[in-house]
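We count residues from 1, following the sequence as given.
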Amino acid sequence: MAAADGNTGPTRRSVLEAGAAASLVFTGAAAPAAAQPPTPIRTATMRLSINGQGRAVELDTRATLLDALRNSLGLTGSKKGCDHGQCGACTVLVNGRRINACLTLAVMHEGDEIATIEGLARGDALHPMQAAFVARDAFQCGYCTPGQICSAIGMLGEVDAGWPSHASADVAAAVTLDDAEIRERMSGNICRCAAYPNIVAAIRDVAEA
């Protein structure tokens, strides 16, 4: 197409189009594909044992345990922090072991005993770890506290089983749960308010009791 001044050379549009085509060739990028229909969501009906109760729920098979707890079962005590297994806010207990609920699929836990922060107390009687956190004022905003408490309970179970940590001076000896051991074993749980000294003190109180 001729330019307004009669020049029959390349136009601005033709230069831009040629540059875009060359870019695709140079980078190896494919031309935009036609829109594909969305992948259908696959769901499954499962029964989870949570805090001593069987709960039937239909879930997307890709749902994490954390999303199942919070969004499908209304158990919002377990918190979503980083959603990458790095902060520990979502920690729950599965068969007595602490896990990051954001890193595991709900469908993997049929038949397991799952305990969340909501199931630790017995009526009005707090779990000893919950009571120690209150007594030691081991929280500020409280967002990480459910994960901290569940993780601490699981950690004490690991100590009872004789598991050493990176901070253990002698991995073959009985564990001495001093402050260094507690800090190392709880290092997967982040408190952005930095209430760590009081958290350590609360855990030490329970361990000594």
Side-chain angles (χ1 to χ4, degrees), residues 50-53 64-66 69-70 73-104 109 112-209:
I50 302 172
N51 299 326
Q53 292 185 322
T64 65
L65 179 57
L66 177 61
L69 292 171
R70 291 182 56 82
L73 296 168
L75 297 171
T76 56
S78 304
K79 297 298 189 278
K80 179 175 284 194
C82 65
D83 209 24
H84 286 78
Q86 297 174 344
C87 73
C90 66
T91 305
V92 297
L93 299 169
V94 175
N95 298 329
R97 295 276 301 276
R98 52 180 173 165
I99 68 167
N100 291 324
C102 74
L103 292 183
T104 185
H109 295 289
D112 290 338
E113 291 296 328
I114 303 165
T116 71
I117 191 70
E118 291 91 345
L120 298 183
R122 294 293 177 263
D124 293 332
L126 295 177
H127 185 283
M129 191 65 72
Q130 291 174 303
F133 266 63
V134 173
R136 286 288 191 172
D137 196 23
F139 48 83
Q140 290 187 38
C141 78
Y143 193 85
C144 74
T145 305
Q148 297 274 2
I149 289 174
C150 287
S151 186
I153 293 170
M155 181 268 286
L156 291 183
E158 295 164 7
V159 172
D160 288 342
W163 294 9
S165 79
H166 183 70
S168 302
D170 184 350
V171 297
V175 176
T176 300
L177 200 60
D178 56 18
D179 286 4
E181 280 280 356
I182 294 173
R183 290 180 182 277
E184 170 63 25
R185 292 170 183 269
M186 291 295 294
S187 60
N189 290 80
I190 295 173
C191 175
R192 301 188 188 279
C193 303
Y196 298 115
N198 293 7
I199 291 171
V200 171
I203 295 171
R204 188 176 59 243
D205 287 350
V206 177
E208 291 174 352

Distance-only check: which donor-acceptor pairs under 3.5 Å involve side-chain atoms of residues 199-209, not counting sequence neighbours?
unit_1 : atom_1 : unit_2 : atom_2 : d
R204   : NH1    : D179   : OD1    : 2.7
R204   : NH1    : D179   : OD2    : 3.3
D205   : OD1    : R136   : NH2    : 3.1
D205   : OD2    : R136   : NE     : 2.7
D205   : OD2    : R136   : NH2    : 3.4

Which donor-acceptor pairs under 3.5 Å do side chains of residues 120-135 form with protein atoms, sequence neighbours excluded?
unit_1 : atom_1 : unit_2 : atom_2 : d
R122   : NH1    : G119   : O      : 2.8
H127   : ND1    : M129   : N      : 2.9
Q130   : OE1    : H127   : N      : 2.9

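Shown here for Q140 and C193, the closest heavy-atom pair between the two residues is NE2-O, 3.2 Å. The nearest pair of heavy atoms linking C90 to C102 is SG-N, 3.4 Å. Scanning all heavy atoms of the two residues, the minimum distance from R185 to S165 falls at NH2-N, 3.5 Å. Here the shortest heavy-atom pairing between V92 and A115 reads CB-O, 3.5 Å. Closest approach of G81 and C87 over heavy atoms only: CA-SG, 3.8 Å.
No side-chain N or O of T91 forms a donor-acceptor pair with one of R98 less than 3.5 Å apart. Between the side chains of N95 and D112, a donor-acceptor pair is found at a separation under 3.5 Å.
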**OP:** Would you sort out whether E181 and T176 count as a side chain to side chain donor-acceptor pair (under 3.5 Å), showing the intermediate values?
**Re:** CA-CA 8 Å; E181 280 280 356; T176 300; over 6 Å; no
**OP:** Determine, stepwise, if the pair L93 / I114 fulfils side-chain contact (heavy atoms from CB on, under 4.5 Å).
**Re:** CA-CA 6 Å; L93 299 169; I114 303 165; over 6 Å; no
Subject >> Evaluation steps, side-chain contact (heavy atoms from CB on, under 4.5 Å), between S78 and L66 >> reply: CA-CA 7 Å; S78 304; L66 177 61; 3.9 Å; yes
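Annotation: side chain of E118 is in contact with side chain of N51 (closest heavy-atom distance under 4.5 Å). Counting heavy atoms from C-beta on, the side chains of M186 and S151 come closer than 4.5 Å. C150 places none of its side-chain heavy atoms less than 4.5 Å from the side chain of T116. The closest side-chain heavy-atom distance from L103 to I99 is not below 4.5 Å. For the pair V94/E113, no side-chain contact is recorded, criterion being any heavy-atom separation below 4.5 Å from C-beta on.
For the pair Y196 (side chain) and C191 (backbone), a donor-acceptor distance under 3.5 Å is present.
In this structure, the separation between NE2 on H109 and CD1 on I50 is 10.5 Å, given to the nearest 0.5 Å.
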